[in-house]
Amino acid sequence: MSRHRMIRTSLTLLMFLVPTTALLADTGDPQIRTDHPWYPGELAISTFDRLFATQAETYQRVTGLEVESDEQKALASWLWRNTHYWHGEAGRRDLWGDGFKSTKDTRLREYWNGLFGYGFGLCGTTHSQWTAEFEHLLGHGRGRGVGAAGHNAFEVFLQHGNYGPNGRWALLDHDLSTVIFDESGRRLLGLGEMQPNVDHWIDRRFKPERQRGWLVCGLHPGDGNSYRKYAVAEYLAGYAGPPPMVRLRRGERMRRYFEPGLEDRKTFVFWGRNYNTDGIPGPERSRTWVNQPEQMHGSTSGTPHRNGQVRFANVEYIYRPDFATEDYREGVVAENDEQVVFAFQTPYVIGATPPTDDDWGIYEAGCRNGLVLRGEASCEVSISVDAGRTWLAKQKFVDGLDLTDFAKGRSQYWLRFSTSAKQLADSNLQIRTVCQANVAVLPRLKDDGTTISYEASGNSVLSMGPEMELASRFVTGGAIGEKTVTLTATPNEPVTRVYAAAHTASGNPPNPNVKYSIEYSLDAGKNWQPIVNDWVVPRRGDEPGDFWSQSLCYGSCLLNAEPGRPIQIRFRNDGGKRYLRIEAHLIQNTGNPDPVKVTYQWTDSEGEHQKSHLFDANGQWQLATARNVRTRWVEFEPAP
């Protein structure tokens, strides 16, 4: 039996096993925002439209200027990323199926998971992800990574006004917190323009008034030495998948901790380099504008060194399926008299407590606390990270069974219990999943009262990727590594939108005449509709002498697919370019969401507090807070 035949057989089997969920009503995409001036949370930033509106409001509050021109849009985006994303070494994802220590391209290039699951990365990582934001903010190919001296910088292509009708590349370096204006202060300079006299431009003392309040090399005065080289252009170096959406099932709660340590303040679960600064394990950064955003504009000395200026946050899911009712079926993707299979997906990244204090102990065997099962079940348990194509870690259920090593560094898994739901009824089963999150995207409370707004769209995400193992589960035509490839999925809920992305071998230099397409079919390939049509790798403005030989092609579109209807997604191009990796994500509508109880725990000048509010539908909650507020955690729990 061929590999593709095995996949098709598995898909058919799962379609037979999956139960109907028409009468269930889990909570799809619950989100809140607060009126905190800097860190309002996901409802203010979870789509590009929301993000750009928040950036514009922030920029106007800080500078007194409305965001009107492309230059102002770029600076507003730069201000926001400087205050919400920091320099640090992120944990890898097993994108290629050959382990976390792969020698292939391991840079995290997807925008939303990078922002919500990490909030930190090295220069190449943040700037690759950032290209996707400018794709939506200004248009196709308007942002690029640029190789410098031991550094990957970023440039934005600005047009009209002081940039002329043909446009110019302008340095917009988030990782080093640097923009450079010309002597008049009228426009931003590009890295190529700076080369004849780098010392002149990176000197903080040179006409500082021209910088409009933005300090040159805002993190450290020596960072500008990186600009002595202008070497490589990286076009379309990142991409954006689906916006972050959480799906909560009845019996499940999600708690987000704003500081490392979880409830006992000493359980450290993360996915990045273990700097172990001041005895606190995990990623952190000493020089950043995060957690001190009001200090950035107008600074004359930059950020001081302060251990733990920013650290990682956590998201803890605890799921207790209710086998006494049909509610447990909200989490089920397959079921018969011999097995029950639960699925889990998150916009964050599943973390780990490493077995050692080594810098990269998270990659070692023996990690804990990322995925733990509790209860008294008498059955075997196994886990799949490729939607049931293969099963791992088959073993006897025991209370405290830790499956972290199989789920860590991912955003989804399936759990198979080799018994019936009836037999699990008295097991007191609990599934605990702990993820890493970016503290700067969590909704903080503020001093002197906080307004909390709530919405739930009723949507959720079904993913085919980003890992090659997961995407391969759905390949039904062509193959990854070839010049065309097709994915097929048959979701059990109505689908309203599709997102798709391809990592392509576009060549060095990239040929701007090659056209890339992504399309979908709802009628077994008889008719195809575009998701991305005639995508090209644009070449514009001045360029260095070398190029990244790969690029990303991605996009989304609305569709209307009924439950049980196969959806095909095809990737192709007219230049014979190979597809190194592909992925697709379907946005499903889960129906009317359950009411949700939102609970905050915080301290302020009047002591420690914990208060809850039930949201029956979209609405607001006025929460009384005093001075010196410090948010500890916020929790969502469906309340059917």
Exercise. Distance-only, no hydrogens or angles: does the Asp574 side chain make a donor-acceptor pair with backbone N or O of Lys515 under 3.5 Å?
Worked result: yes

Exercise. Any donor-acceptor pair under 3.5 Å linking the side chain of Gln412 with the backbone of Val385?
Worked result: yes

For this session: Quickly, which of Ile480, Thr103, Leu580 forms a side-chain contact (heavy atoms from CB on, under 4.5 Å) with Trp96? Name it, please.
Result: Leu580

Exercise. Within 45° of the ring axis of Trp38 and under 6.0 Å from its six-membered ring centre, is that where the NZ or CZ of Arg61 lies?
Worked result: yes

Seminar exercise, completed: For Leu442 and Ala313, the nearest pair of non-hydrogen atoms, with its separation, is CD1-CB, 3.9 Å

Exercise. Is Glu110 close to Pro466 at the side-chain level, that is, under 4.5 Å between some pair of heavy atoms?
Worked result: no

Exercise. For the residue pair Lys73 and Leu137, what are the closest heavy atoms and their distance?
Worked result: O-CD2, 3.7 Å

Problem set entry | Working for side-chain hydrogen bond (donor to acceptor under 3.5 Å, both in side chains), residues Tyr413 and Thr433 | CA-CA 10 Å; Tyr413 61 78; Thr433 311; 2.7 Å; yes

Seminar exercise, completed: d(Asn511 CG, Lys577 NZ) to nearest 0.5 Å is 6.5 Å

Problem set entry | Trp130, Tyr227, Trp78 screened by ring pair (Phe, Tyr, Trp, His ring centres under 6.0 Å) with Phe154, the one that passes | Trp130

For this session: Salt-bridge test for Arg109 and Glu583: reply yes if a basic N is under 4.0 Å from a carboxylate O, no otherwise.
Result: no

For this session: I would like to know whether Gln31 and Ser46 meet side-chain hydrogen bond (donor to acceptor under 3.5 Å, both in side chains); could you show each step before the answer?
Result: CA-CA 9 Å; Gln31 300 189 36; Ser46 58; 2.6 Å; yes

Exercise. Which class fits the ring pair Trp214 and Tyr59: parallel under 30°, tilted 30 to 60°, perpendicular over 60°?
Worked result: parallel

Seminar exercise, completed: The reported gap from OH in Tyr516 to OG in Ser506 (rounded to nearest 0.5 angstrom) is 5.0 Å

For this session: Return yes when atom CZ of Arg50 has more than 12 non-hydrogen atoms of other residues, nucleotides or ligands closer than 6.0 Å, and no otherwise.
Result: yes

Exercise. Below 4.5 Å, heavy atoms only, C-beta onward: do Trp201 and Glu193 meet side chain to side chain?
Worked result: no

For this session: Using the six-membered ring wherever Trp is involved, compare the ring planes of Phe120 and Trp86 and label them parallel, tilted or perpendicular (cut-offs 30° and 60°).
Result: parallel

Problem set entry | Heavy-atom pair of closest approach, residues Ile362 and Gly91 | CD1-CA, 4.2 Å

Problem set entry | Donor-acceptor pair, side chain of Glu284 and main chain of Phe312, under 3.5 angstrom | no

Exercise. Are Arg107 and Glu234 close enough for a salt bridge, meaning some N to O gap below 4.0 Å?
Worked result: yes

Exercise. How many angstroms lie between atom CG of Leu236 and atom CD of Glu135, to the nearest 0.5 angstrom?
Worked result: 6.0 Å

Exercise. Sub-3.5 Å donor-acceptor pair from the side chain of Tyr239 to the main-chain atoms of Ala500, do we have one?
Worked result: no

Exercise. Looking at Tyr520 and Pro530, what are the two nearest heavy atoms and their distance?
Worked result: CE2-O, 4.5 Å

Seminar exercise, completed: Smallest heavy-atom separation, Thr125 atom then Leu108 atom, equals CG2-O, 3.5 Å

Exercise. Would Asp542 and Tyr230 count as a side-chain hydrogen bond (donor to acceptor under 3.5 Å, both in side chains) if you check the C-alpha gap in whole Å, the side-chain angles of each, and the deciding distance to 0.1 Å?
Worked result: CA-CA 11 Å; Asp542 62 88; Tyr230 174 55; 2.4 Å; yes

Exercise. Is any side-chain heavy atom of Leu487 closer than 4.5 Å to a side-chain heavy atom of Phe571?
Worked result: yes

Exercise. Are Gln568 and Trp528 side-chain neighbours, meaning at least one heavy-atom pair lies under 4.5 Å?
Worked result: yes

Exercise. Are Asp105 and Arg581 within salt-bridge range, i.e. N to O under 4.0 Å?
Worked result: no

Exercise. Measuring from Met468:CE to Asp386:CG, what's the distance to the nearest 0.5 Å?
Worked result: 13.0 Å

For this session: Verify whether one side chain among Ser411 and Arg93 offers a donor that lies under 3.5 Å from an acceptor in the other.
Result: yes

Exercise. Stepwise, does the side chain to side chain contact (heavy atoms under 4.5 Å, CB included) test hold for Asn459 with Arg497?
Worked result: CA-CA 10 Å; Asn459 291 329; Arg497 181 177 282 272; over 6 Å; no

Problem set entry | Any donor-acceptor pair under 3.5 Å from Asn573 side chain to Gly576 backbone | yes

Exercise. Do any N or O atoms from the side chain of Asn438 and from the backbone of His84 form a donor-acceptor pair under 3.5 angstrom?
Worked result: yes

Exercise. Is the closest side-chain heavy-atom distance between Asn113 and Tyr118 below 4.5 Å?
Worked result: yes

Exercise. Between Val439 and Arg311, is any pair of side-chain heavy atoms under 4.5 Å apart?
Worked result: no

Exercise. Hey, does the side chain of Gln292 reach the backbone of Thr288 with a donor-acceptor pair shorter than 3.5 angstrom?
Worked result: yes

Problem set entry | Leu51 side, atom CG; Leu115 side, atom CG - distance, nearest 0.5 Å | 7.5 Å

For this session: Determine, step by step, whether Tyr579 and Thr504 satisfy the side chain to side chain contact (heavy atoms under 4.5 Å, CB included) criterion, reporting the C-alpha distance in whole Å, the side-chain angles of both residues, the deciding distance to 0.1 Å, and the verdict.
Result: CA-CA 5 Å; Tyr579 289 97; Thr504 68; 3.6 Å; yes

Problem set entry | side chain to side chain contact (heavy atoms under 4.5 Å, CB included) between His87 and Thr126, worked out | CA-CA 8 Å; His87 179 99; Thr126 179; over 6 Å; no

Exercise. Checking Tyr275 side chain against Arg285 main chain: does a donor-acceptor pair fall under 3.5 Å?
Worked result: no

Exercise. Does the distance from a Lys or Arg side-chain N to an Asp or Glu carboxylate O, for Glu469 and Arg389, drop under 4.0 Å?
Worked result: no

For this session: State, with a plain yes or no, whether a side-chain heavy atom of Leu158 is found less than 4.5 Å away from one of Leu138.
Result: yes

Problem set entry | Any donor-acceptor pair under 3.5 Å from His127 side chain to Asn152 backbone | yes

For this session: Determine, step by step, whether Arg540 and Gln159 satisfy the side chain to side chain contact (heavy atoms under 4.5 Å, CB included) criterion, reporting the C-alpha distance in whole Å, the side-chain angles of both residues, the deciding distance to 0.1 Å, and the verdict.
Result: CA-CA 11 Å; Arg540 53 165 66 99; Gln159 296 174 291; 5.6 Å; no

For this session: Would you check if the side chain of Gln129 reaches a backbone N or O of Gly238 as a donor-acceptor pair within less than 3.5 Å?
Result: no

Exercise. Given the side-chain rings of Tyr554 and Tyr111, with only the six-membered ring counted for Trp, is the space between their centroids under 6.0 Å?
Worked result: no

Exercise. So, Thr178 and Asp173: side-chain donor and acceptor under 3.5 Å apart, yes or no?
Worked result: no

Problem set entry | Nearest-0.5 Å distance that lies between atom OG in Ser463 and atom NE2 in His585 | 4.5 Å

Seminar exercise, completed: Arg92 and Trp271 have their tightest heavy-atom pair at O-NE1, 2.7 Å

Exercise. Hey, does Pro443 have a side-chain heavy atom less than 4.5 Å from the side chain of His36?
Worked result: no

Problem set entry | Modelled atom types, side-chain donor and acceptor of Trp80 and Thr58, under 3.5 Å | no

For this session: Kindly assign one of parallel, tilted or perpendicular to the pair Tyr235 and Trp169, based on the angle between their ring planes and the thresholds 30° and 60°.
Result: tilted

Exercise. With no hydrogens and no angle check, do the side chains of Ser177 and Asn82 hold a donor and an acceptor under 3.5 Å apart?
Worked result: yes

